[in-house]
Amino acid sequence: MMPDITPTTNPIDASELSFEDFKTIVVNDYKIAFESRQASLLGRKEVLTGKAKFGIFGDGKEIPQIAMAKAFKNGDWRSGYYRDQTFAFATGICTIKEFFAQLYANPSVEAEPASAGRQMNCHFANRTIDEDGNWKDQTAMKNCSSDIAPTGAQMARLVGLAYASKLFRQNEELDYLKNFSVKGNEVAFGTIGNASTSEGIFFEAINAAGVLQIPMAISIWDDGYGISVPAKYQTTKEDISEILKGFQRDENGDGYEIYKVRGWDYPALCETYQRAIDACRTEHVPVMIHVTEVTQPQGHSTSGSHERYKDKARLEWEKEYDCIVQMRKWMIESAIISEEELVEIENTAKKMVRDTQKEAWDEFLADIKTEKDQAIDLINKVANGNPAITKITAQLASTPDAMRKEVISSARKALRLTVQNLSAERTELLEWYTEQSELNAERYNSKLFTDGKESPFLVKELPAEYNDSSKMIDGRELLNACFDANFGRDPRLVAFGEDLGAIGDVNQGFAGLQAKYGDLRITDTGIREMTIVGQGIGLAMRGLRPIAEIQYLDYLLFALNVLSDDLASLSYRTKAGQKAPVIIRTRGHRLEGVWHSGSPMGLILGSLRGLHICVPRNMTQAAGMYNTLFRSDEPALVIECLNGYRLKEKLPENVGDFTVPLGKAELIKKGSDITIVSYGSTLRVVEEAAEELANFGISVEIVDPQTLLPFDIDKLCAQSLTKTNKLLVVDEDVPGGGSAFILQQILEEQKGYYSLDAQPKTISAKAHRPPYGSDGDYFTKPSVDDIVETVYQMMHEHNAAKFPAIF
């Protein structure tokens with residue numbers, strides 16, 4: 001049974017407005033909401049008629065989003081989800097024409113600036129960097145971080161976007177960054193559906209924001225369902241704000257201001273949002289607005305109908321308490337506007353949305369139609385009457401709204417059918433197809449990285465410098481000196497993670513630096529990997545240079561969803577419209593124990609395309625990579641060698657300035673019989689094995705790729721193979737993990753296959769996680785004995801007389 005609900009009669013505070021001014025504001029709000037609803041209705045039709053692939057819309061949430069938009073100012077940020085179209089229209093983040101361009105997947109940045117057709121509809125973003133990768137003035141626009149579809153995933157970055165305001169407000173050293181903040185007075189707006197609050201990332205982010213006391217305003221659109229699953233299966237007490245009452249701040253301490261308001265009550269919504277955001281902005285506290293009794297007139301998406309899972313009473317209630325219906329009723333009853341005036345506004349809005357949709361569709365097809373005509377003409381020339389080929393053009397010509405897929409596929413079929421018939425006409429078609437392939441690669445495959453003026457590949461390579469007085473120190477001390485030099489140079493740098501602040505991290509890389517630079521810049525966090533990473537993403541999007549530490553490589557799995565879904569795809573899914581140059585610092589590889597010695601490189605390489613993956617063999621190389629990354633603007637994961645912190649290394653005189661270029665492999669040892677490729681901690685094992693192999697007369701060449709993404713840009717591995725003709729890859733990941741990637745890069749990408757005169761081999765860890773203790777490590781991960789015997793066996797297979805079998 002539905003609750004007894006009576007509309008609030010308190011009007012918006014209009015004490016300083018004339019009636020006409022008040023009417024203009026209210027009527028304009030209704031007009032935007034009504035237009036948004038028409039866009040939703042028409043958008044669904046466009047999917048069901050086949051013009052678009054999928055649709056998910058914000059119908060039923062129009063009026064709450066109008067109220068939220070009123071409190072959203074230049075400089076503020078949004079981190080939301082795919083129901084916020086009315087908010088996007090009301091703030092100017094997206095136009096209705098851009099909305100339809102995204103629905104049709106228009107690959108033009110000009111037509112669809114949020115993602116250039118790479119995201120499904122209602123995934124919003126503004127372009128915070130220009131074509132060269134330079135930051136725009138964030139204080140002069142309303143900022144929207146790029147949406148992602150995984151439910152709740154927007155919460156992690158929301159913490160960082162809000163935390164940036166705290167740093168800008170409290171750290172005077174950042175005052176010079178005028179284009180990113182106005183003294184930290186920005187609010188980070190977040191939105192989420194009630195069902196998605198069941199996700200662990202929601203609770204982690206809510207707790208983190210409460211601990212940090214940051215200006216984060218989270219709106220929960222509560223329509224009582226998660227697709228077809230009602231709230232009784234989603235939330236204890238079926239009420240998220242009820243169970244979060246313990247977060248409400250009081251006289252005893254920090255916390256949240258929590259508000260609850262009905263989603264169809266326009267005056268109450270406007271008043272609630274004004275109060276909530278004022279508190280958030282002026283007092284710098286997190287707020288939560290639980291918007292209840294929201295409806296969803298078209299159901300979850302175009303994939304199904306909500307009539308299947310909502311009973312008749314619920315459906316009737318939703319019709320009556322549709323927020324637009326209720327606002328319309330309130331306006332008439334309050335004598336703000338007449339029925340006749342409203343009908344005129346609504347008819348005008350319907351026509352405007354239809355006209356805009358048609359314009360967006362025509363613009364989407366325009367380039368494709370040109371390409372279609374070109375393809376038909378060129379294929380007909382090639383056909384020269386051949387019925388099999390003319391059939392291709394006939395079919396293409398008879399498809400009135402052909403997509404680019406049909407156009408290009410037709411050209412490829414024609415080229416295949418004429419492969420034996422070389423002619424000037426075929427050459428012309430091939431040249432056209434090649435040109436189109438380049439254009440389509442730019443449309444659909446480009447900008448995995450920003451590739452701007454601050455690309456790491458444009459950072460000048462500067463070797464480490466030593467002299468006779470250079471000290472031998474622990475690797476941890478060398479890293480510490482690197483961090484110290486860079487934090488002194490660049491006030492944008494901040495670092496945070498578990499145990500990072502007071503004790504300077506578990507391996508002392510930041511020892512003493514919090515005392516020197518303060519706890520705003522070098523900070524401890526709770527045990528919350530997802531929001532540690534999200535904190536870094538949000539800070540980086542707002543112009544700061546964060547180092548987000550994950551204590552051990554194994555723990556990266558707790559944050560892999562945020563890293564993969566959000567950070568790794570950010571540049572690609574906005575076509576370099578946004579960037580987040582965060583460095584994820586961790587440590588791994590050699591150590592005993594199931595949970596502290598993992599090396600899941602295959603998992604990382606498969607899920608983190610869009611990050612640079614740095615695997616330094618020692619702390620000198622790590623420092624050089626950090627120096628490169630600090631001077632560039634692309635995200636990276638740096639995996640330090642866990643067993644290298646107390647090994648002695650020579651301290652470079654230019655420890656904060658020398659650079660190690662990304663993607664440049666290094667020849668560690670010259671040899672002539674076999675090439676061994678390895679990285680990180682395992683390189684020391686390989687070097688020890690090479691010494692024993694020399695006693696057998698086997699000359700080993702060792703290559704360290706240094707970064708796995710990108711991998712050996714200069715193709716040093718393949719060059720080595722032209723000399724040795726044999727390849728062994730040593731990797732601590734599971735069989736077929738990181739080693740499979742390295743083989744693919746060397747044999748396929750670098751064409752190293754053609755230099756082999758023996759089967760390439762890999763040595764990896766066993767398929768299970770390493771057990772505890774030195775014996776467990778020995779019998780699980782590559783050892784000196786494993787490497788020596790594998791190389792010897794390869795040489796035996798090559799020359800059994802010289803290298804008789806050991807076993």
Side-chain angles (χ1 to χ4, degrees), residues 2-3 5-8 10 12 29 32-33 36-37 40 57-72 78-91 122 151-152 154-155 158 187-198 202 206 216-226 230-231 234-235 237-245 247-248 256-280 286-297 300 314 317-318 320-327 330:
M2 293 303 154
I5 40 186
T6 304
T8 300
N10 294 332
I12 306 168
D29 286 349
I32 294 170
S36 181
R37 177 65 61 86
S40 296
F57 305 102
D59 48 301
K61 296 151 184 75
E62 292 91 349
I63 305 306
Q65 291 178 19
I66 289 287
M68 183 170 71
K70 287 176 175 296
F72 196 74
R78 169 190 169 273
S79 179
Y81 86 134
Y82 43 75
R83 299 294 184 192
D84 292 348
Q85 72 188 54
T86 309
F87 175 83
F89 296 157
T91 55
C122 282
T151 54
Q154 69 274 19
M155 294 295 299
L158 177 63
V187 171
F189 288 67
T191 62
I192 192 169
N194 59 293
S196 296
T197 64
S198 302
F202 171 80
I206 290 296
M216 182 179 107
I218 180 69
S219 295
I220 301 166
W221 312 137
D222 190 346
D223 60 20
Y225 289 84
Q234 303 280 359
T235 310
K237 299 183 179 182
E238 301 184 38
D239 191 323
I240 188 65
S241 60
E242 177 69 22
I243 65 173
L244 293 178
K245 277 184 176 179
F247 283 89
Q248 175 66 51
Y256 276 74
E257 285 296 331
I258 301 177
Y259 302 83
K260 198 169 188 176
V261 60
R262 292 177 291 199
W264 46 265
D265 192 338
Y266 172 76
L269 285 160
C270 292
E271 180 185 353
T272 300
Y273 269 97
Q274 181 178 339
R275 286 170 49 211
I277 303 307
D278 281 351
C280 188
V287 301
M288 183 185 304
I289 304 101
H290 183 192
V291 183
T292 63
E293 299 178 16
V294 173
T295 67
Q296 198 157 277
H300 174 75
R314 174 72 192 195
W317 179 86
E318 289 196 3
E320 182 177 358
Y321 284 96
D322 183 309
C323 61
I324 291 181
V325 170
Q326 286 292 319
M327 183 177 178
W330 170 79

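Please read these numbers as outputs of a predicted model, since none were measured by experiment. Just so you know, these numbers use all the heavy atoms, side chains as well, and skip hydrogens, waters and symmetry mates. This chain uses plain numbering: 1 for the first residue, then up along the sequence.
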For Pro297 versus Asp322, what's the shortest heavy-atom pair and its separation?
CG-OD2, 3.7 Å
Heavy-atom closest pair (Cys323 atom, Pro64 atom, distance to 0.1 Å) is SG-CD, 4.4 Å
I need the Thr197 OG1 to Ile243 CD1 distance, nearest 0.5 Å.
7.0 Å
Measuring from Phe89:CZ to Ile66:CD1, what's the distance to the nearest 0.5 Å?
10.5 Å
Across all chains, not counting sequence neighbours, the side chain to side chain contact (heavy atoms under 4.5 Å, CB included) partners of Ala195 are Gln234
Does any non-hydrogen side-chain atom of Ile32 lie less than 4.5 Å from one of Phe87?
no
Side-chain donor or acceptor of Gln326 paired with backbone N/O of Asp265 under 3.5 Å:
no
Gap between atom CD1 of Ile258 and atom CD of Gln248 - 0.5 Å precision
5.0 Å
Between Ser36 and the options Lys61, Gln65, Gln85, the side chain to side chain donor-acceptor pair (under 3.5 Å) test singles out Gln85
Derivation and outcome, side-chain contact (heavy atoms from CB on, under 4.5 Å), residues Arg78 and Phe72
CA-CA 9 Å; Arg78 169 190 169 273; Phe72 196 74; 4.2 Å; yes
Applying salt bridge (charged side-chain N to carboxylate O under 4.0 Å, His left out), can you list everything that pairs with Glu318, at least two apart in sequence or on another chain?
Lys310, Arg314
For the CG atom of Leu269 and the CD1 atom of Ile289, what is their distance to the nearest 0.5 Å?
10.5 Å
With Glu238 via salt bridge (charged side-chain N to carboxylate O under 4.0 Å, His left out) - residues at least two apart:
none
Less than 4.5 Å apart, side chain to side chain, heavy atoms only: is that true for Lys70 and Ile277?
no
How about Arg83 and Thr191: do any of their side-chain heavy atoms sit closer than 4.5 Å?
no
Quick check: do Glu257 and Arg275 have side-chain heavy atoms less than 4.5 Å from each other?
no
With side chains defined as the heavy atoms from C-beta onward, is the minimum distance between Ile192 and Gln154 less than 4.5 Å?
yes
To check you understand the geometry: which heavy-atom pair defines the closest contact between Val287 and Ala276, and what is its length?
CG1-O, 3.6 Å
Could you tell me which non-hydrogen atom of Gly263 sits nearest to which non-hydrogen atom of Val291, and how far apart they are?
CA-CG1, 3.5 Å
With the side chain counted from C-beta on, respond yes when Asp29 and Met327 share a heavy-atom pair under 4.5 Å apart, and no when they do not.
yes
Going by the angle between their ring planes, with limits at 30° and 60°, are Trp264 and Tyr321 parallel, tilted or perpendicular?
tilted
Asn194 meets the side chain to side chain contact (heavy atoms under 4.5 Å, CB included) criterion, sequence neighbours left out, with Ile220, Asp222, Asp223
Using the side chain to side chain donor-acceptor pair (under 3.5 Å) criterion, which residues pair with Glu62? Sequence neighbours excluded.
Arg37
Minimum side-chain heavy-atom gap Ile63-Arg262 below 4.5 Å
no
Nearest 0.5 Å, please: how far is CE in Met288 from CD1 in Ile240?
7.0 Å
Would the distance check show the side chain of Thr272 and the main-chain N or O of Ala268 forming a donor-acceptor pair, the cut-off being under 3.5 Å?
yes
I need the minimum non-hydrogen distance between Ser196 and Phe202, along with the two atoms involved.
O-CB, 4.1 Å
For Tyr273, give me all partners under side chain to side chain donor-acceptor pair (under 3.5 Å), at least two apart in sequence or on another chain.
Ser219
Indicate yes or no: at least one non-hydrogen side-chain atom of Met68 is less than 4.5 angstrom from one of Phe189.
yes
